[in-house]
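All remarks here apply to the structure that follows.
First the proteins, then the strands, lettered A, B, ... as listed; each starts at 1.
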Amino acid sequence: MSTSKRSNRFLGWTLALVATVAAALVVSSVSVAEETKAPAGKIVCDGSTTVGPIAKAFADYFMKQTGVNVTVGESGSGNGAKSLINGTCDIGNMSRFMKETEFKAAVEKGVMPVATVIAMDGVCLIVHPSNPIKALTTDQVKGIYTGKIKKWSEIGGPDADIVIISRDTNSGTYETFAEKVLKEEKIASGVEYVTSNGAIRARVQNTPAAVGYVGLAFTTDGVKALEINGVMPTKRTIATGKYPVARPLFMFTNGYPKLGSPLHEFVTLYLTKKGQDIIDSVGFVPVTNYE
Amino acid sequence: MHLRTRKIIDRSATGIGILAIVVMTAALVVLLAPIFANGTGAFVFRGTAEFRKYQSDRFDRGDREVLTTEKETLRQVRQPVYDLLHKFEHQLKNDDDLDARFGAEFPKLKREVYRLIGPPPGEALSRLERDEYGATRWDRALVQADSIVHVQEDRGLDSHGFSLKVEGPRAARYKGTSLEPMFGYVEMHLAELLRPQWTFYPQFLIDNPQDANFFGGIGPAVLGTIYLTLGAILFAVPMGVITAIYLVEYAGQGRFISLLRTCISTLAGVPSIVFGLFGLAFFINTIHVSPSKSVLAGSLTLGLLILPTIIRASEEALRAVPLAYKEAALSLGAGQWRTILTVILPAALPGILTGIIISMGRAAGETAPIIFTAAVSVGLGVKPWEVFTSPTQALSWNIYNVSTEHEAVDQIRHVQYGMVLTLVVLVLALNLTAVLLRARITRRLSG
Amino acid sequence: MTAFGQTSGKISIRRQGGSLVLGQRADRLRHAVALLGRLILLAIASSSALAVLFIFYFIIRDAIPFFHDNGLREFFTSTHWYPSNAAAPEFGALAIFYGTGMVTVGAIVVAVPLGVAAAVCLSDVLPFSVRQWVKPTVEILAAIPSVVYGFFALVVFAPLLQDKGGQALSVATWLLFGPLAALAILVVADVSCGRLRERFRNPARAAVMILLTLAALAGLWKLSAALAAIHISSGTNALNASIILGVMALPTIVSVSEDALTAAGRELREGSYALGATRAETILSVIIPAASSGIMAAVILGIMRAIGETMVVLMASGNAAQIPQPWYNFLSPVRTMTATIVSDMGEADQTTGSSRYHVLFAMALCLLVVSFLANLASEWVVRRTVAKISAVRGTGGGDAASRPQGFMRRVWSWIGG
């Protein structure tokens, strides 16, 4: 008798728990949902973590303007390409161009990838403001990062060992740097690895003998950007391709989106003044310029 | 050995043991203290007038009349700052000498000031919300104000040939210009410029994040975590309990059964990232449970991950049911099925529930399995009918994303801590429930 | 109970009637239904086995192309990890294996002494009332999600290591080795002077102790000064990952070891005490040897937990695919297999299966194989424990016989970690 009563009480407990959770779920989904009245559709983006900040800021702006739900996944360029080819996303964000093999696979599956260059990403060398060095060549930078140049005095700077700081090798920034500067040579073993642009800037701010590389947006606040091959990294030099360590960022769609559709509007957001403001303020360089 | 030494060694051994326990407890405290201390800062903090303005503009919260009067007061207090900035900007344009000195620095300074007290109406620096409002939190405002009022100054070269940098007041640098009074004004009237008030912001849990988590809350992530956890349970519990019943009630000691057991313990030992790869390869790319990443695919992957835990917990609970119950039921003539359903399962239910609740905690916290199967960094809250098709945010993934990939990790620490606290409280609450449940079982078995 | 009585009563009547009145057909039907039900149960139960097979199948399927194209040699022997190089990619994963091994060893060094000491304390020292408060601590440590540990490592612990790392290390040295040195001095002094005549014993011991204390102080001082001078350039490094992983592995090690220690039984303890041994001597020379294979299983499970962990190492280890210089330098960033898989998978060309993609499956396969072997090893060790304990006990009473089985099941439940 008492046993069954007790287990009943447990059952009651469980039911109460489930009911509470369910109620909470309904309440929260309703309250989250109420804010955006009847979304008019859905856009799924997936891909590069480098393009992520732009896509996220676009999505945020776009959702507010149109009520279309935009989801942005950041699982890497390769995953972006794959998702587009498999039809599991509308936009594949990529920090590199699609490979030939990926293109072929896409066409075989009846997907026609169309690339849109939405912005440029520049990688800038930074040093401590107290370092008198103002300019380097790509060969010198390569020499530093491969361990051939060990002291600032070897390249006309102060008498101190160079503290070399790099992004972790997972990052898109590292890949651009490795491709454009190191020319795929081996990075020195004494290099410090840091996990974000902000962290590199912080390290360089506090270390007079340090050198690091960051995206253009992180060249302010207590660090000094260097000229590379005589070109100062600015929006203009990066957009026009004069600055040597830069790469385009892409959004890939399946075919060109239907004109006037939300997808079209989203992919062409970078052409508008607002879109460029957004790109600019998340630290990238708009490709079109109205100035 | 000396008896006294033996005694001392004995005491020290006890001491080492107790020390180990103290270290372990200390580790827990050190881990949780900053999370609780900073995490509550996402819910209770000193919100500035900018915070209230944002809440009113975006979420239509707060008393309009009060806000209008506040706006007017603020306008009066802030106007001198804007005036000084405009005046100086105007001078820069007309004075080449001044432009050479401050032309490069001034736009940055202006931006910093706008980030502190917000831009004057109609003059936002960009369309991003982070540039349309000033500092919404007093702690951020203090940091921001410091970066305006102070500046790094050159003081010659040091012995290695580096120039020496010393932090000094920026006002000294602008001495004699029309901007000089602004720094003193900002420093003196900071509180009036921003009017900080203690704010309780429980809607942090349900608000959508705005402008890459600079504003708003973590609603979609909380919701996503709940969906994923419940989904995993819905999938894993029936399978796990049935498997356990089979293992306890039907299976003998054959070779097949021992193979099955080995498989289950192997499944338990598979690293979580491998589950993620498998979920991507199998659920999404092979059997296409959903057109893209989705709550469903993530739930299935997580369900597989917690399956062994549920099987084990259920098995133990079932085995703990006294044999007498079963024998009594059988001897009364109940069939095996009826015995299991009406006698054994109810008696084992609390134990099974404990296992389920602990696995829920595990599913809620796992990150690696959902990266490729369910998680996105931006997206609205998923409605219940969209779970089969829509990817979702989730607390665990967003914690990782927002604290590593975000473009301004330092500026949104409160959001990161808020997310971590929410996840920790969720998991701890689940575990507490399990502990209480188990206490009841122990009491029942012993009493 | 009344409800029960009624229903089962009905059944029994029907049953009796069935065998007497109903024909063979109905009986066969019932048998068929029962068999069917059993088969369905079996099918569901084997689905978890199926899941394991599927996991192995999918991982192996995508790992084979890598070994087919690139062979085994480079992958296991080279440290050149440049998978993204378009012209000449290199897939030497040795440094990554090394990184995994390094943080795992570090985690074990942190977790095993601490965990076993805590387990001993829980099983043999603390009174029940205190134990009830300590156990939830262990459970909470086990319950906290790994991403939370990772967040702590990245946001709180890494800056601390970077700014105050040297000082922290030197303080830790004093706290850790100070008491240990004191204990060692005591024992050494006692043993070395034990043979002397009664008259000289105490003064000699005092002299030896003073000498040793001075030496130890000097040594510790030097060590801590050397450590304090270390400047840790990056807070996300092998040390950070090891410590955090160690704390994560602690609950597994504590719980499993404690179960093993408890399972060693009262008889052994009482026998040892009866022979005049102190508690420490009992623990060190009787209980721990008796529970050694259980503790071994605990260590294996802890290792598995550390190897398979993803988020903590991704956030705390620094992700540099290099063998530190010198090889034991825990202050240098390293990279592990799990972190490599999770971070490279997204960037690799997945659609057509480049080597960069398949190499990650090769790595996942290595992980799977290691965890599978560790699993078998722990099961084997546990089985041996059970055999050993039953052998020691003989065919004891019901209580004693049920204990090892219970222990085994609890270990199994912990393998899930």
Side-chain angles (χ1 to χ4, degrees), chain B residues 1-2 5-6 8-10 12-14 16-18 20-21 23-25 27-28 31 34 239 242-243 246 250 260 263-274 277-278 281-282 304 307-309 312 316 332-334 361 365 367-368 371 396 399-400 403-404 420 423-424 427-428 431 435, chain C residues 8 11-12 15 38 41-42 44-49 51-52 54-55 58 114 117-118 120-121 125 134 136-137 139-141 143-145 147-148 151-152 154-156 183 186-187 190 247 250 278-280 283 304 308 310-311 315 338 341-342 364 367-368 371-372 375 379 409 412-413 415-416:
Chain B
M1 223 185 275
H2 207 274
T5 318
R6 281 178 63 195
I8 290 175
I9 292 177
D10 190 42
S12 334
T14 311
I16 288 173
I18 291 175
I21 293 211
V23 168
M24 199 165 67
T25 319
L28 185 67
L31 178 73
M239 276 188 64
I242 290 176
T243 307
Y246 183 81
Y250 287 91
L260 193 61
C263 278
I264 292 170
S265 64
T266 308
L267 192 65
V270 172
S272 56
I273 178 64
V274 176
L277 291 188
F278 174 72
F282 184 65
L304 215 52
L307 188 59
T309 322
R312 293 248 173 65
E316 245 192 85
L332 284 171
T367 315
I371 296 178
S396 54
I399 289 171
Y400 170 72
S403 55
T404 57
V420 172
L423 184 59
V424 166
V427 169
L428 289 191
N431 274 269
V435 168
Chain C
S8 43
I11 289 172
S12 61
R15 264 202 170 166
R38 210 185 145 153
L41 274 192
L42 178 65
I44 293 175
S46 16
S47 58
S48 52
V52 172
F54 268 41
I55 289 176
F58 273 94
L114 210 58
V120 166
C121 195
V125 178
V134 176
T137 309
E139 270 159 23
I140 292 175
L141 274 179
I144 291 174
V147 69
V148 173
F151 179 79
F152 177 83
L154 181 71
V155 173
V156 181
L183 194 63
L186 211 70
V187 174
D190 198 74
V247 174
L250 252 187
T278 63
R279 185 156 63 188
I283 291 169
M304 271 168 76
T310 313
M311 296 318 284
M315 292 164 95
T338 48
I341 294 173
V342 79
L367 270 178
L368 254 187
S371 68
F372 182 66
N375 209 340
E379 263 186 47
R409 253 189 276 124
W412 265 335
S413 77
I415 292 177

Most contacts with chain C, counted as non-hydrogen pairs under 4.5 angstrom, among [options]:
| options | answer |
| --- | --- |
| Leu428(B), Leu423(B), Val420(B) | Val420(B) |
| Leu260(B), Asn431(B), Ile264(B) | Leu260(B) |
| Val424(B), Leu31(B), Ile399(B) | Leu31(B) |
| Thr25(B), Val274(B), Leu304(B), Thr243(B) | Thr243(B) |
| Gly365(B), Pro34(B), Gly17(B) | Gly17(B) |
| Leu307(B), Ile8(B), Thr367(B), Val435(B) | Thr367(B) |

Exam field: side chain Asp10(B) to backbone Ala280(C), donor-acceptor pair closer than 3.5 Å: yes
Please classify the contact between [X] and chain B as side chain, backbone, both or neither, with a heavy-atom cut-off of under 4.5 Å.
| X | result |
| --- | --- |
| Val342(C) | both |
| Leu250(C) | side chain |
| Leu42(C) | both |

So, do [X] and [Y] sit near enough that their side-chain heavy atoms are less than 4.5 Å apart?
| X | Y | result |
| --- | --- | --- |
| Tyr250(B) | Leu41(C) | yes |
| Arg279(C) | Val125(C) | yes |
| Phe151(C) | Val155(C) | yes |
| Thr310(C) | Pro271(B) | no |
| Ile341(C) | Leu367(C) | yes |

Whether Phe282(B) and Phe278(B) hold their rings parallel, tilted or perpendicular, with breakpoints at 30° and 60°: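 The rings of Phe282(B) and Phe278(B) lie parallel, inter-plane angle below 30°.
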For chain B, the option from Val247(C), Leu183(C), Val156(C), Val120(C) that forms the most heavy-atom pairs under 4.5 Å: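 Most heavy-atom pairs within the cutoff with chain B belong to Leu183(C).
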Between CZ on residue Phe54(C) and OG on residue Ser47(C), distance to nearest 0.5 Å: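 Reported value, rounded in 0.5 Å steps: 10.5 Å.
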Part of Ile371(B) within contact of chain C (heavy atom distance under 4.5 Å):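 The side chain, not the backbone.
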